[in-house]
Every structure is written in structure tokens, then in C-alpha cells.
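Chain identifiers are assigned alphabetically (A, B, ...) following the order of the sequence lines, protein sequences preceding nucleic acid strands; residue numbering begins at 1 within each chain.
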Amino acid sequence: MLDRNLLRNNPQAVRTAAGNKGEPCPIDRWTELDARRRSLLEQVESLRRKRNELSSMVSAMKKKGQDAGELIRESRKTGEAIGVLEKELAGVDAEMREVELWFPNLPDPDVPVGVDDSHNKILRIRGNVRTDIRVPPHWEILGGLLDTDAAGTITGANFVLLRGWAARLQRILIDWMMDFNSAAGMEEIWMPFLACRQSMITTGQIPKLEEDMYHVDGNDLFLVPTGEVPLTNLYRNTIIPEKNLPISLFGYSPCFRKEAGSYGKETRGLNRVHQFEKVEMVRIVKPEESGEAHEKMVAHVEKMLELLELRWRVSLLSTGDLSFAAAKCYDLEVWSEGQERWLEVSSVSNFHDFQARRGMIRYRPAGGGKPRFVHTLNGSALALPRIIAALVERGWTPEGEIKLPPVLLNYAKGNLAAD
RNA sequence: GGAGAGGUGGCCGAGUUGGCUGAAGGCGUACGCCUGCUAAGCGUAUGAGGGGCGUUGAGCUUCUCCGAGGGUUCGAAUCCCUCCCUCUCCGCCA
């Protein structure tokens, strides 16, 4: 959601921003509605004021035992006029709120303008790569341990079932990620995996991406597409005392996405599935601190990739690749030695006050004063399936071993290979 | 799932024979004063949102909001209906 003052005073900026993102921009309709709304509001308010005055006069006269019949008749007439205008106003209001949900967030000035991911700015590449051997893709290495046939039977295409040490590797990774994030001082959260409609609106999945969400019939709940939804909505409709900021949270959740329109190589193996697991961080900060918080989150994720001994790169997304709700986003991708391509494993975004406005997440300045909108950020730390893919490829040796990085061996306790 | 109770401002908590109650009181917080045996006392201020005029980080004014929505009424936090949520007891269950 965007600031109404911005929509009113600088519609061109909104139009340009939406254009750069390749998103819709119902600014003309909004401007009409806004003008109509304000005109109606003035009329309704002056009539309501009149009615309030008449009412208190009626009250005063009745107390004195006088006949207020004349005033009551006038008040009733006023009330009828108010009713008519209020009905129209309610309609305009409702449409305006609906329209406002369709404005994408404005990209941060730092974001390169471009139509798609080819304009993303690659900031750095770290870690090394083996060029002396040909590594098979993870689905070959994992073989029957990545049992897509079974998942297909149980559920359907593009679901995953892991067996044996592949399943255990996933559990170990989650455990390690949770510990690592906890050690960084964030609060650990265990969250619901279904979210109500308003939660989905707050973080921006609805209305635009509703078709990509799994919906539970009967009670209007959605399977969470990311832990961002529950974690951010933890503070919906809340005024947070300034001394409690910044708030840093993390938690595990499965993520459910229909991923309509994906196909081919993109979806092979663990590359793109309908349910995947992820540890997510969310940060809630004062507006002036979000830029710095964003960088710190990226550094945190990079540290994890370093410890996993993977090769990774960091990109600053261009406007065309930036999501609907994000103002600025870094993608972190790991190198898949078996597929010889980059796989996105973390997306760290700053939403500025976009989500805060949708969900009324505010803070009270320490010296008192009006509540202000916070800035929200989130990032994966990390998404599991592609990490597993990269990790088994990276650890694969021509002798058929899978060597894990030292940080995980502590967790595996030497058991992994036993299977 | 059944029965009962309840949802009021940052928090707690009055107010339901409908009418200066946007809301007593308390806590918390901010500023000021006083005092100096360890912290207290006194004073003042302190909900949110929208609109108009004005300013541009002054203000003035008005409307709305007492879980949400609808209804009754000249007028509703107070009456009626629907829904949501919380708590207690019972049932069921990993």
C-alpha cells in the first residue's frame, strides 16, 4: 500500500515506478475516486454536524420539558439525506481500498532500472568451483532417495519425498540453520503454517498472487507460501514501543506454492517444487535503519553459505525482477556443479513501509508523538531443497562419496554415511 | 463439538432505565517542580484515523472510531440481529 499523499501529489512517480516494475497502476481510477470521496465526505460531514447540533438541542429541550417536535422532524430529514450520501461514500471507499491494493511498491532509488533479470546487477561471486571433474546433477546422485514417483503417488507432480540419508540431511540442515540464526541473537518463532486472508494481504501475496496460493476450502485460509507471512503478521495492527525495536525474528516453515507456468529444466529434481522447506528471518525496524539492516541480513546469509562451503553470488535485482511488494531485493544464488547453473537459495528484501501500511504495523517514538510506520524486511536463511542440491553436488566425489562441510558433520554425528 | 462469561484508549479498568462520556479512576510514559538516606512526593500533559482552511516539520476546525458488520432511534459504548475472537467448564483427540 502506498501513501495516499503520494498518490495524490505525485501520481507520475507512481506511474513510472509501476511501469519500471512491469506492474499495473490504476492511478487514474484512484484519482477519480479520491476526488469523489473527498467531495462526499465534506457533504456528509456538514450534515452530520447539523444532526449532532439538532440532537443536543433536542436533548436540552426535553430536559426542560419543552416540545421538540419541530427539531426532531428536521433532524429526521437530515438523517435521511445523510443515509443517501453515506451509502454512496461507502461504495467509493470500498472501491478505493480495493484499488489501492493493486499499486506495487516503489523501487528504492538504488535499484537498477530494467525489464527483467538480465538487468540485475551482480555484485560479487565468492567461493570456488571444481573444473577438473564432471559432476552429475543432484537427482542422479540422490537416485531413489529423491523419490518423486512416490511423491507423485501420494500427492501429485512436483512434490518431493526424501528417503534415508537425504531426508536426514534435510533435518540436519534445518537444525543447523536454526542454531545459527539463534546464535545471531534473533528470536526463534514456531509459527502456524496456515494464514488468514488479511495476513496474505498484509505481506502482499493477495490480491495479485492469489492464484498461486493454495487455499483451504471452507474457512478462507491459505497454506503459507513463505514464513514471511506469519512472521510479519505477528505484529499486524500493533503499535510497538520504540525501545522494542529493532525486532529480529526467525522461524522454520514449509512453503506452498502452485508455481503455475513453470516447466521443463526449471522444475527438474529439487529445483522448483510445490512444497519446500525454509528458515526465514524477518526484521522490523525504524525507517531510517532499514537500509543498514538490509545489508546486515545479506551478510548474515553469506556467512551461512561460506560455512556450507558453497560457491555463491549476490545480485541486486533490477526493477523488472523485483517483486510486487519489495522496494529493494538481493538474491543469493549458489552454484550447482552438476547443472552448471545458479540456483536462488535466498532472497533478502526491504519492503520499506509497504507491508507496514497494509498491516498497520507501527511504532511509538520514544519521546511520545504520533505512531509511525515501521519498515519490514525479510530473507531466507535458507531455503532447503536447492541447498541440498548444491550441497550433494558439491560434496560428490568420483569415488561416489558425499563430503559434507565441517559445520554439518558436527550435526550428522557421523551417522549420515551409515545409511 | 456442547454450556457459560466477556471483548472499552499503550496497559488495567468504570460506564448498559439510550442524550455535553471519546469516554471516570489507576498504571505506564513525557516534561516541569520539590526533595536528597536511596526512592518518593507534587503539578501538567498523554488514544487513533479521515476531511477542510492554514503552515511546511505551529496551528485552527470538523467528522468518525468503545471487537467487525448491519438494524432500531431525532440521537447508541449503552437496545436488537449476524459474524469474529478471547476466557472458563464439559466432551473429543495427536
Handout entry: Complementary nucleotide of rG36(B), counting Watson-Crick and G-U pairs under 3.5 Å
Key = none

Exercise for the section: May I ask you to say what Arg197(A) touches in the nucleic acid, namely base, sugar-phosphate or nothing, with a heavy-atom cut-off under 4.0 Å? Expected result: nothing

Handout entry: Presence of salt bridge, Arg76(A) and Glu80(A), under 4.0 angstrom
Key = no

Handout entry: Of Glu42(A) and Arg49(A), the one whose closest RNA chain B nucleotide lies more 5'
Key = Glu42(A)

Completion exercise
Atom NZ of Lys243(A) and atom C1' of rG28(B) are separated, to the nearest Å, by 9 Å

Practice task
Give a yes or no answer on whether the side chain of Arg358(A) reaches the backbone of Leu101(A) with a donor-acceptor pair at less than 3.5 Å.
Solution key: yes

Handout entry: Assigned partner base of rC93(B), Watson-Crick or wobble definition, under 3.5 Å
Key = none

Problem - rA39(B) to rA24(B) separation - P atoms, rounded to the nearest Å - result: 33 Å

Exercise for the section: Report the relative orientation of the aromatic rings in Phe193(A) and Tyr252(A); use parallel for angles under 30°, tilted for 30 to 60°, perpendicular for over 60°. Expected result: perpendicular

Fill in the blank from the handout: side-chain hydrogen bond (donor to acceptor under 3.5 Å, both in side chains) test vs Lys328(A) passes for just one of Asn350(A), Asp108(A), Asp110(A), Asn105(A), namely Asp110(A)

Handout entry: Centroid-centroid under 6.0 Å between His300(A) and Phe180(A) rings
Key = yes

Handout entry: Proximity to the side chain of Arg48(A) - top-ranked nucleotide from rC74(B), rC63(B), rG51(B)
Key = rC63(B)

Problem - Who pairs with rG9(B) - Watson-Crick or G-U, where each distance is under 3.5 Å - result: none

Practice task
Identify whether any heavy atom of Leu54(A) sits under 4.0 Å from a base atom; if not, whether one sits that close to sugar-phosphate; answer base, sugar-phosphate or nothing.
Solution key: nothing

Exercise for the section: On the 0 to 90° scale, with breaks at 30° and 60°, tag the His274(A)-Phe159(A) ring pair as parallel, tilted or perpendicular. Expected result: tilted

Practice task
Using whole Å, report how far NZ of Lys62(A) lies from C1' of rC74(B).
Solution key: 8 Å

Exercise for the section: Would you confirm whether the ring centroid of Trp312(A) sits within less than 6.0 angstrom of the ring centroid of Trp335(A)? Expected result: no

Handout entry: Spacing of the P atoms in rG9(B) and rA48(B) (rounded, Å)
Key = 13 Å

Practice task
Determine the Euclidean distance between corresponding C1' atoms of rU17(B) and rA5(B); express it in Å to zero decimal places.
Solution key: 23 Å

Practice task
Examine rG51(B): is either OP1 or OP2 under 4.0 Å from a nitrogen or oxygen in the side chain of Arg8(A)? Give yes or no.
Solution key: yes

Practice task
Pick base, sugar-phosphate or nothing for Pro371(A), based on heavy-atom distances below 4.0 Å to the nucleic acid.
Solution key: sugar-phosphate

Problem - Mate of rC87(B) where both pairing distances stay under 3.5 Å, Watson-Crick or G-U - result: rG4(B)

Problem - Nearest-angstrom distance, C1' atom, rA23(B) to rG15(B) - result: 8 Å

Problem - Donor-acceptor contact present, side-chain Lys286(A) to main-chain Pro246(A), <3.5 Å - result: no

Problem - Same-atom distance (C1') from rG41(B) to rU55(B), integer angstrom - result: 41 Å

Problem - Rounded distance in Å - CG (Leu41(A)) to P (rU62(B)) - result: 15 Å

Problem - Touch class at under 4.0 angstrom, heavy-atom based, for Lys370(A) against every strand present - result: sugar-phosphate

Practice task
Tell which nucleotide pairs with rG75(B), taking only Watson-Crick or G-U wobble pairs whose two distances are both under 3.5 angstrom.
Solution key: none

Exercise for the section: Starting from P on rG49(B), measure out to CZ on Arg4(A) and report it in whole angstrom. Expected result: 13 Å

Practice task
Rounded to the nearest angstrom, tell me the gap between atom CE in Met360(A) and atom C1' in rG47(B).
Solution key: 12 Å

Exercise for the section: Name the closest nucleotide to the Arg37(A) side chain, picking from rG19(B), rG51(B), rA48(B). Expected result: rG51(B)

Problem - Atom pair distance, as rounded to whole Å: CD in Glu53(A) and C1' in rU61(B) - result: 13 Å

Exercise for the section: Could you check Gly79(A) against Arg362(A) and say which one's nearest nucleotide on RNA chain B is further toward the 5' end? Expected result: Arg362(A)

Exercise for the section: Taking atom P in both rA14(B) and rG6(B), compute the distance separating them and give it to the nearest angstrom. Expected result: 12 Å

Problem - Base paired to rA14(B) (Watson-Crick or G-U; both N/O distances under 3.5 angstrom) - result: none

Practice task
For rG52(B), take OP1 and OP2 only and decide whether either is under 4.0 Å from a side-chain N or O of Arg38(A).
Solution key: yes

Handout entry: Pairing nucleotide - rG49(B), Watson-Crick or G-U, each distance under 3.5 Å
Key = rC63(B)

Handout entry: rC31(B): pairing nucleotide in any strand, Watson-Crick or G-U under 3.5 angstrom
Key = rG43(B)

Problem - Separation between the P atoms of rG47(B) and rC34(B), rounded to whole Å - result: 28 Å

Exercise for the section: May I have the distance from Arg51(A) (atom CZ) to rG19(B) (atom C1'), rounded to whole angstrom? Expected result: 14 Å

Problem - Contact under 4.0 Å: Asn52(A) side-chain N or O vs rU64(B) OP1/OP2 - result: yes

Handout entry: Separation between the P atoms of rG28(B) and rA40(B), rounded to whole Å
Key = 9 Å

Practice task
Let me know the distance between CG of Leu40(A) and C1' of rU64(B), rounded to the nearest Å.
Solution key: 15 Å

Exercise for the section: May I ask you to verify if any side-chain N or O of Arg364(A) is less than 4.0 angstrom from the OP1 or OP2 atom of rA48(B)? Expected result: yes

